[in-house]
Amino acid sequence: MKQTPGHGHGWHLVRGACVGAALFGTIAHALLLLGLPVWFWLLPLSGAVACAVAIVAARREQQIDWVAKAPRWLLRTTVLVVAVCTLSLAFGAVATQPRVWDGVVAWGIKAAAVNSAMTLEQPFFADPSVLHHSPDYPLLQPLMLGGLAPFFGASGARLLFPLLYLAMVSGIGFATMRHTRNQNIGCWIALAVASTPFFLNTHGGGADSGYGEMFFATALAVVAVGLLLEDALLLASAALVLAWIKPEGAIVLPLVACTCFAFAGPRIWLSAAIAGMVSLALWLPLQQQLGHREVGAMLPLGVVLVVVVAIAARAFLDRRGVGIRGRALVLLVFAVMAGIALVVARPMLATSPSPLIGQYLGRIDSVLSKLNEVPTIVFGLLEIGLFKVQRFGLTFLLLLVAAITVCRGRRERGLAGAQGLLVLFALGMLAVFAAFLLSPEQNVRHHLRSSGARLLSHWLGVAWLVIAVVWGHMQPQRVSGSRSVRPISAPPERVGYTD
């Protein structure tokens, strides 16, 4: 069964859009760091590059031997459901302004300021006496809204949010098809992601609410797709923008790098490491500037040094033929050493100009006083993820089943891709738990109610890709010229993460 026309073009359009967004973010942040305004035509130029990448990649596309092609009714139903959901979000985005607290104070006001002038050399950003909430929040979403506003108006620019939703749904669906070579599974996974209640809700965090959740969840899903398909360009593009979307990106980036260090091949690991280094080196000085703190070179230089050491360590391990287990053990040793260093350096961290370090890592000593809240945090997150079906449906229940399957069949070749994604998800859940444990917020239950679902929503794309890989592995594959069937092990030339 050969590739169905349109599927490859749709996939490459999504892929090109990710590359275009990363190009826009990189150049825009470099210009802001140099004290220059963002060029008016930068976003259209990035869009043109995205189209060029899509066209070139589509022409080089090799035909896919489908294991199973979806019937027309399923394809049409998938397109119809995704279109209806996207159009409803588009109406909500255009007809309403940013909603609830964060949608207004953390993102909407910044987007309005950037819309008036695509530069930081304006009182809103440069004058410390101008009071606004979270002045050092990342700027990629406001920058993209500001870049779209001259062409579509401030309300029309908010179509960015349904487009992000569409990119996430279609990207996961297409990636599932390409990995499993099964169109049926790809359609059902796309329908599941599209109908996830959290993104369709009309409150804070919904796709059209103006929050940063939709953008961050899309970027993290694309990172997972890059890992699964071993697509270095896609992985690097998504990793670049993580820290520029939400403050959590500065934490998730090292988690992505650690997963690639242990589970990915050298090319994928190198792309993740370099992308993370460039992202943080551009963002950390800008964050200091936005927070009206002294801009120093120590943090960016520290990031570069850590990445260079990690690249050298991985190259050494590869030359010695060390596999996944050995690399994971090396990471564990470094994690223990880093934990000891954080405890020793706690007094210095507490006075750090970085809000992330000062408010969270600098509060390591507060863990002892909040140990009694550990059960509250754990069971609170489990309740939100597993039993709040009005938020996430059956996503995390199905993920639990998939995780058990992966653990039981960890030696099976076809589950190799799911293992890396599952480790990334587990690291993400550990970071979410640590965020509540280290948070200065004393009312843990209130913090869980206000932020728990939003933090879990970031990992929905990763969760559904794990489910997709396991589902594809369980499907029988008919051998050409024979009536026998066998389980799908892996797509041609895609056998998961190689050593």
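All of these numbers come straight from a predicted model, not from anything done at the bench.
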J.: At their closest point, which heavy atom of Gln97 faces which heavy atom of Ser155, and how far apart are they?
T.: NE2-OG, 4.0 Å
J.: Locate the shortest heavy-atom distance separating Val256 from Val223; write the atom from each residue and the value.
T.: CG1-CG1, 3.7 Å
J.: Between the main-chain N or O of Asn182 and the side-chain N or O of Thr180, is there a donor-acceptor pair closer than 3.5 Å?
T.: yes
J.: Phe387 and Phe396: ring-ring contact (aromatic ring centres under 6.0 Å, His included), yes or no, with the steps?
T.: CA-CA 9 Å; Phe387 303 113; Phe396 293 111; over 10 Å; no
J.: Looking only at non-hydrogen atoms, find the nearest pair between Phe151 and Pro44 and report the distance.
T.: CZ-CG, 3.5 Å
J.: Would you say Lys110's side chain and Ser134's backbone share a donor-acceptor pair under 3.5 angstrom?
T.: yes
J.: Side-chain contact, heavy-atom cut-off 4.5 Å: Leu43 with Val38?
T.: no
J.: Would you give the length of the straight line joining atom CG of Leu465 to atom CG of Leu422, rounded to the nearest 0.5 angstrom?
T.: 12.0 Å
J.: Using modelled atom types and a 3.5 Å cut-off, is there a donor and acceptor pairing between side-chain atoms of His29 and backbone atoms of Gly25?
T.: yes
J.: I'd like to know whether CH2 of Trp39 has more than 12 heavy-atom contacts from other residues, nucleotides or ligands below 6.0 angstrom.
T.: no
J.: Apply side-chain contact (heavy atoms from CB on, under 4.5 Å) to the pair Phe199 and Phe161, showing each step before the final yes or no.
T.: CA-CA 10 Å; Phe199 293 130; Phe161 301 122; over 6 Å; no
J.: Restricting to salt bridge (charged side-chain N to carboxylate O under 4.0 Å, His left out), what partner residues turn up for Arg158, sequence neighbours left out?
T.: none
J.: Is the shortest side-chain heavy-atom distance between Phe425 and Met429 below 4.5 Å?
T.: yes
J.: Between Ser457 and Phe392, is there a side-chain heavy-atom distance shorter than 4.5 Å?
T.: yes
J.: Within the supplied structure, the quantity of interest is the number of heavy atoms (other residues, nucleotides, ligands) at a distance under 6.0 Å from Phe152 CZ; does it exceed 12?
T.: no
J.: Nearest 0.5 angstrom please: Leu140 CG to Lys246 NZ, how far?
T.: 13.5 Å
J.: Checking side-chain contact (heavy atoms from CB on, under 4.5 Å) for the pair Trp471/Thr176: CA distance, chi angles, key distance, verdict?
T.: CA-CA 10 Å; Trp471 188 357; Thr176 299; over 6 Å; no
J.: Look at the aromatic rings of Trp188 and Trp73 and report parallel, tilted or perpendicular, splitting at 30° and 60°.
T.: perpendicular
J.: When the aromatic ring centroids of Trp269 and Phe263 are compared, is their separation below 6.0 Å?
T.: no
J.: Taking the six-membered ring for Trp, are Phe215 and Tyr165 ring centroids under 6.0 Å apart?
T.: no
J.: Just by distance, do the side chain of Gln183 and the backbone of Lys69 share a donor-acceptor pair under 3.5 Å?
T.: no
J.: Is Ile189 close to Met177 at the side-chain level, that is, under 4.5 Å between some pair of heavy atoms?
T.: no
J.: Out of Leu75, Val81, Leu74, which residue meets the side chain to side chain contact (heavy atoms under 4.5 Å, CB included) rule with Thr78?
T.: Leu74
J.: Decide side-chain contact (heavy atoms from CB on, under 4.5 Å) for Trp244 and Thr26; before the verdict, give the C-alpha distance in whole Å, the side-chain angles of both, and the deciding distance to 0.1 Å.
T.: CA-CA 9 Å; Trp244 304 338; Thr26 302; 3.4 Å; yes
J.: If the test is side chain to side chain contact (heavy atoms under 4.5 Å, CB included), which one of Val82, Leu89, Val84 qualifies with Thr86?
T.: Val82
J.: Between atom CE of Met474 and atom OG1 of Thr405, what is the distance when rounded to the nearest 0.5 Å?
T.: 6.0 Å
J.: Determine whether a donor-acceptor pair (N or O, by modelled atom type, separation under 3.5 Å) exists between the side chain of Ser279 and the backbone of Leu240.
T.: yes
J.: On a heavy-atom basis, which atom in Ile185 and which in Ala468 lie closest, and how many Å separate them?
T.: CG2-O, 4.3 Å
J.: So which heavy atom on Ala232 is nearest to which on Ile268, and how close?
T.: N-CD1, 3.7 Å
J.: Could you report the tightest heavy-atom contact between Ile324 and Ala262, atom names first, then the distance?
T.: CG1-O, 3.5 Å
J.: Using side-chain contact (heavy atoms from CB on, under 4.5 Å), reason through Val307 and Ile274 one step at a time and then give a plain yes or no.
T.: CA-CA 8 Å; Val307 172; Ile274 294 177; 5.7 Å; no
J.: Taking the side chain from Thr218 and the backbone from Leu164, do they hold a donor-acceptor pair closer than 3.5 Å?
T.: yes
